[in-house]
Amino acid sequence: MRAARVTSLGGPSTVTVDEVPEPTLEPGHVLVDVHEAGVSFPDVLMTRGLYQMRPDLPFVPGAECAGVVREAAEGSAFRPGDRVAAFPVLGAFAETVAVPEAMVFPLPDGVSFEVGAALPMNYLTVHFALTQRGRLERGEVVLVHGAAGGIGTAAIQLARAMDARVIAVVSSEDKVETARAAGAHHVVLADGFLAAAKELTYGRGVDVVVDPVGGDRFTDSLRSLAPEGRLLVIGFTAGQIPEVKVNRLLLNNISVVGVGWGAFWMPDPSYLRTQWESILPLLESGALAPPIGSRHPLDDVAAALTEIDERRAQGKVTLTVRQ
């Protein structure tokens with residue numbers, strides 16, 4: 001079968017597409033014929049060996065996908081031909097992938113494969129962030145950094161579905177419409193977001209900050225919080241890992257909260273199915289509708305990864321594996 005491969009840790013440009021052996025079915029697994037795969041920032045980090053998971057070379061990247069069940073192990077709830085989304089963690093950038101059954105999710109007939117591929121990494125991460133770690137309440141105000149990217153648009157939509165008010169922060173004017181289309185109540189530029197957030201909350205500040213960016217915005221994100229506000233640390237797409245002066249937390253009764261979704265579910269992967277069942281009604285109602293920013297053929301995997309690496313993505317980036 002054809003698959004993308006990381007054979008050296010030289011970054012996105014070194015990822016190639018080659019012929020590799022097809023996976024075989026193992027107990028407790030499902031073989032999925034991939035139609036669409038989602039591309040995310042951890043995939044980029046793995047091409048440089050900078051992610052916390054460092055598989056041996058060569059490896060097939062790709063954490064998430066959607067497609068059709070080819071074969072399922074004995075006793076499985078899935079049958080050949082079932083439409084599914086899946087979170088294999090590795091191997092999704094291929095024509096077929098073997099996935100533990102706990103990480104395979106039923107995909108409604110009315111949901112496209114590209115939308116299905118956009119869900120597992122971003123929407124389940126953000127669901128964990130807002131519910132388990134952020135304890136978001138109805139009526140609270142959420143500020144979302146990187147609001148035109150995959151995590152950002154997921155955060156906008158899930159926060160709105162939880163009856164929160166959303167202030168989206170984007171890095172440039174050309175990303176404003178993406179954040180607005182995702183459902184943000186307000187969209188502001190990163191340059192001056194603190195003043196804008198204070199103005200939009202009448203000086204009170206926001207209750208929750210969703211931050212997949214890090215870098216030099218971090219201090220102003222802390223300053224933007226209302227009393228008892230929570231800053232959710234999801235990632236560092238800006239490259240720089242910020243430091244916290246903890247006296248700021250003490251003086252304003254605010255919290256910096258780590259969002260380690262993978263570390264949370266790995267001891268018990270059944271949590272993923274619980275999350276999927278929570279978001280499925282929102283998906284079926286249309287409350288969640290991942291904006292697809294760009295779709296690339298599998299042969300253009302390097303370009304798809306580079307788009308995310310250079311922070312040009314608007315919405316979710318996907319790879320089309322089968323038409």
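Numbers here are sequence positions counted from 1. These values consider heavy atoms only, across backbone and side chains, with no hydrogens, waters or symmetry-generated copies.
With sequence neighbours excluded, the residues that form a side chain to side chain contact (heavy atoms under 4.5 Å, CB included) with Q314 are D174, K175, T178. Listed by chain and number, the residues in a side chain to side chain donor-acceptor pair (under 3.5 Å) with R273 amount to none (sequence neighbours excluded).
Side-chain atoms of D43 and S40 include a donor-acceptor pair closer than 3.5 Å.
Side-chain N or O atoms of R133 include none that pairs as donor or acceptor with a backbone N or O of L232 at under 3.5 Å. The backbone N or O of T320 sits nowhere less than 3.5 Å from a side-chain atom of R295 that would complete a donor-acceptor pair. Without hydrogens or angle criteria, R322 side chain to V34 main chain gives a donor-acceptor distance under 3.5 Å. Remark: side-chain polar atoms of D211 are paired, donor with acceptor, to backbone N or O of G214 under 3.5 angstrom.
In this structure, the side chains of F218 and L231 come closer than 4.5 Å at one or more pairs of heavy atoms.
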May I have the list of side-chain donor-acceptor pairs in residues 141-149 shorter than 3.5 Å, sequence neighbours left out?
residue, atom, partner, partner atom, Å
H145, ND1, R217, NH1, 3.1
H145, NE2, S221, OG, 2.8

Only distances under 3.5 Å count here; give the side-chain donor-acceptor pairs of residues 114-128 to other protein atoms, sequence neighbours excluded, each with its distance to 0.1 Å.
residue, atom, partner, partner atom, Å
Y123, OH, Q157, OE1, 2.8
T125, OG1, M121, O, 2.5
H127, ND1, Q275, NE2, 3.1

What side-chain donor-acceptor pairs closer than 3.5 Å can you find for residues 94-108, not counting sequence neighbours?
residue, atom, partner, partner atom, Å
E95, OE1, R2, N, 3.1
T96, OG1, D33, OD1, 2.9
T96, OG1, R70, NH2, 3.2
E101, OE1, S76, OG, 3.0
E101, OE2, S76, OG, 3.3
E101, OE2, A77, N, 3.0

Listed pairs under 3.5 Å, donor-acceptor, residues 7-17 side chains, sequence neighbours left out:
residue, atom, partner, partner atom, Å
T14, OG1, G11, O, 2.7
T16, OG1, D18, OD2, 2.9

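Within 6.0 Å of atom CG in D191, 12 or fewer heavy atoms from other residues, nucleotides or ligands are found, so the atom counts as exposed in its surroundings.
Remark: K316 engages E64 in a salt bridge, criterion side-chain N to carboxylate O under 4.0 Å. Note on R230 versus E140: salt bridge recorded, some NZ/NE/NH1/NH2 to OD/OE distance being below 4.0 Å.
Remark: R5 fails to qualify as a cation-pi partner of F59 under the 6.0 Å distance and 45° angle criteria applied to the six-membered ring.
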